[in-house]
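As the structure lists them, so they are numbered: ligands from 1, and atoms in each ligand from 1.
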Amino acid sequence: MATSNGGGYRNGGLKAAAKERSLSLNSNNKSSSLKSKPSVNSGGVRRNSTGSLGGTVKDSDAGVDYVFFDIVPGRVRVAVRLRPRNTEELAADADFADCVELQPELKRLKLRRNNWDSDTYEFDEVLTEFASQKRVYEVVAKPVVESVLDGYNGTLMAYGQTGTGKTYTLGRLGEEDTAARGIMVRAMEDILAEISLETDSVSVSYLQFFIRTTRVLHHHVQLYMEMIQDLLDPTNDSISIMEDPKTGDISLPGATVVEIRDQRSFLELLRLGEAHRFAANTKLNTESSRSHAILMVHVKKSVKGRDSGFSGENGNTAHMTRTSKPPMIRKGKLVVVDLAGSERINKSGSEGHTLEEAKSINLSLSALGKCINALAENSAHVPVRDSKLTRLLKDSFGGTARTSLVITIGPSPRHRGETASTIMFGQRAMKVENMLKIKEEFDYKSLSRRLDIQIDTLIAEHERQQKVFQDEIERIAVEAQKRIAEAEGNYADALEKERLTYQKDYMESIKMLEEQWALKLEKQADVRNKLGTKDDGFCNPPSGEVAFSAGEVAEVKKLLQNETLMRKAAEEEANNLRSQLMQWKRSEAAGNSEILNLRKMLEDEARQKEKFEEEIAILQSQLLQISFEADETRRNLDKGGTAKVPSSLDSLISQVRHPHLKDSANGEKASIAKLFEQGDAKLFSGSSKIYCCLCSFFLINSCTSTVGLQKILSLLEAEDPDVRIHAVKVVANLAAEETNQQKIVEAGGLMSLLTLLRSSEDETIHRVAAGAVANLAMNETNQELIMAQGGIALLSETASNAEDPQTLRMVAGAIANLCGN
Ligand code: ADP
Ligand code: MG
């Protein structure tokens, strides 16, 4: 149980603390607690001398035992709640201080009389403008709700000026902000959490009290009728009150009673009641602040562990139940009263309202005040019957009931009067007529206050977060459910698919087996036929019935199977061998063609080798011949005198001069020409062959030999143009040597060259011959000779006919050499 003052709040629950507090608060009072009057008490309750109540009462007619545990005198617990400044007050009262100052830690309220003086009042709880709804519920209502669950009647009332937060405190649904839930909603939450829907029950009635004024025709008389309207069925507005003469229980037989199974349906019901209240007041042209709204909650709860939880003040179990009794049900009734605005009482007097008006407005409220006063004064008579409200509350106010009153006040100094009146009502409800007025000032415990505020803020935040968390959990649960459903769907699909596949496979296998079976049967018939023809002992009867035993059939089947297997194996083997053979054949063919290729290559190679060997032999013999002839020539030259040109050279020259004569060549001496003829024509082609011969000739026979030179010069007149060209080239090269120049001229070379220049039309001959002349022109004597033989003119003519720039260069060189001298 959450009580912030050390737990003394519950009137009847935590008795010791309550008593202690009452005593300390009321040391100068006649009475320290609100004592239940016999007239208010439930029937049959006896009080002992110490004020505690206990015992059993037997109602033999109803067959019910009413059991009272540990009933101690209690008093109405009163909390004061301050509403924060509203927008209007924030603007209008900006320059003024609040008319009250709260000291929650001391449970005191200071009401300003003026700027320097204030009256101090003590309450059971002082709730600041920062108090969270949860905290208010816990300190004001929770103990009462717990009592109701324990089988007591409980009352929660809000009293105060219109607009100070009575409905806010009691009736807020908190749909938009879960932390704003009021006492009604939270009380039902707690009740639903504590009961079991199988064995227990909760039912609710929702009513409105208002005054109907009727003027009696022609009599100038007003009738004021207190009406009780059913907010769950607004057409029913004359509900009567019944009192059980034996138990003293109050009931409203005409009111709608709705059984509550969950919080949602309760909220729905509250909304409906509120809407009806609004509609009804609009129709009657009244304000809801003129009427009282009453919510009655009936709780029936079975007692599980009878002995548990009912220990007395000293810890002794004071049970008076009979163990043989059937399970006991505890009936508790919670009455939540949102009273009409208290300002009516005040205004009716101070502002000159008529008694009638006052009556019409607050008849029941003043009756309640009177009852409270009477109870507070311990008066012998409590005027319960003055009003329907007090009659209705008869079993809920004092006695076995636990009652909590919240008085709501506003901070505005403009409503100080109403606030003061509300405070006094609260004080009376606490049965404290002459409240101790403490004059001394206490140090304001601001730190404590701040912490309190923080706690309240945190409490509210915590509640919000809890809601968010719960929503999240719900969302996750829904999501999980969805996923599970999805997975299940997928699994079912997969399963179905698998099943269909297997079914198909199965059908196919069956079909195959049937076919095989048919085949086997056929085979068996064949075998039988065969056997029948072989051995009459096993012959089938003519009807064709199967005469084999099952064993024989199995054997035949096995044989057949073996045979099939063997046949398959043999076929496989044959296939293997066949493919191997193919492979082998293929590789053999490849090998054969390879061998053929190699053989061909070998033959080619052999032929080539033979040819090369032949060529080598020829070349060797040629070399031998040439070296032999060279030796001979050298010897002849060494002998001096008229040297004889080797016959081979002679024949060669004659051959090149007169090619047509080559066939008639003398066979006595092997000539170079003949050698050439013998050789492969492919090795030395035409002119290059000649040139090579000439070169070798000059290499072998030193060029200075006059005989050799003359022979070369004679070649300048050869018929073959190629021979002529090569001869000129040789002469030109020889002319480059200073030692040869004189000899060439002496041998008539110059003349031959000039003749060639004149007669030939070949550009190459012109170019080389001009070069040769240029070389010869380096010698002074030759220059004169050249000039004398018309060389200049001839060169000029050559130049004019020349197309090759090289020829021009040669001519220019020759002329330059001639001119140089
Ligand atoms: P009553 O029922 O006493 O006439 P209401 O409960 O209708 O007053 O409150 C009047 C206005 O003041 C409403 O707008 C309500 O929301 C606001 N109010 C009352 N008490 C509080 C509070 N403790 N904190 C914030 N707002 C409040
Ligand atoms: Mg209200």
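- In terms of polar-atom proximity, defined here as any N/O pair under 3.5 Å, E129 makes no such contact with ligand 1.
- Atom CG of L102 sits about 13.5 Å away from atom OH of Y121, to the nearest 0.5 Å.
- Each of I241, N236, D237 was scored for a side-chain contact (heavy atoms from CB on, under 4.5 Å) with I228, with one residue passing: I241.
- For ligand 1, the polar-atom distance check against L82 finds no nitrogen or oxygen pair separated by under 3.5 Å.
- Here is the list of ligand 1 atoms found below 4.0 Å of a heavy atom in K166: 1 (P), 2 (O), 3 (O), 4 (O), 6 (O), 8 (O).
- At a 4.0 Å cut-off, not a single heavy atom of T408 sits close enough to ligand 1 to count as contact.
- In the vicinity of Q161, heavy-atom distances shorter than 4.0 Å reach the ligand 1 atoms 3 (O).
- Note on ligand 1: R81 sits in its first shell, one or more heavy atoms being nearer than 4.0 Å.
- Checking T162 against the Mg ion (ligand 2), every N/O/S atom stays at or beyond the 2.8 Å cut-off.
- Taking a 4.0 Å cut-off on heavy atoms, N86 fails to register as neighbouring ligand 1.
- Residue contacts with ligand 1 include P84, since one of its heavy atoms falls under 4.0 Å from the ligand.
- Contact atoms of ligand 1 toward T162: 4 (O) (distance under 4.0 Å to a heavy atom of the residue).
- Using modelled atom types and a 3.5 Å distance limit, the side chains of Y168 and Q133 yield no donor-acceptor pair.
- Distances between N or O atoms of D338 and those of ligand 1 include no value under 3.5 Å.
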### Task
Starting from the C-alpha separation in whole Å, work towards a yes-or-no answer on side-chain hydrogen bond (donor to acceptor under 3.5 Å, both in side chains) for S387 and E226.
CA-CA 8 Å; S387 150; E226 271 188 309; 3.0 Å; yes

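- With hydrogens and angles left out, the side-chain atoms of S265 and D262 include a donor and acceptor closer than 3.5 Å.
- Of the charged side-chain nitrogens involved, none lies within less than 4.0 Å of a carboxylate oxygen, so that D177 and R172 do not count as a salt-bridged pair.
- In this structure, OG1 in T128 is found 7.0 Å from CG in D452, a value given to the nearest 0.5 Å.
- For the atom pair I372 CD1 and R428 CZ, the distance stands at 8.0 Å (nearest 0.5 Å).
- Proximity of A158 to ligand 1, defined as any heavy-atom pair under 4.0 Å, is not found for any part of the residue.
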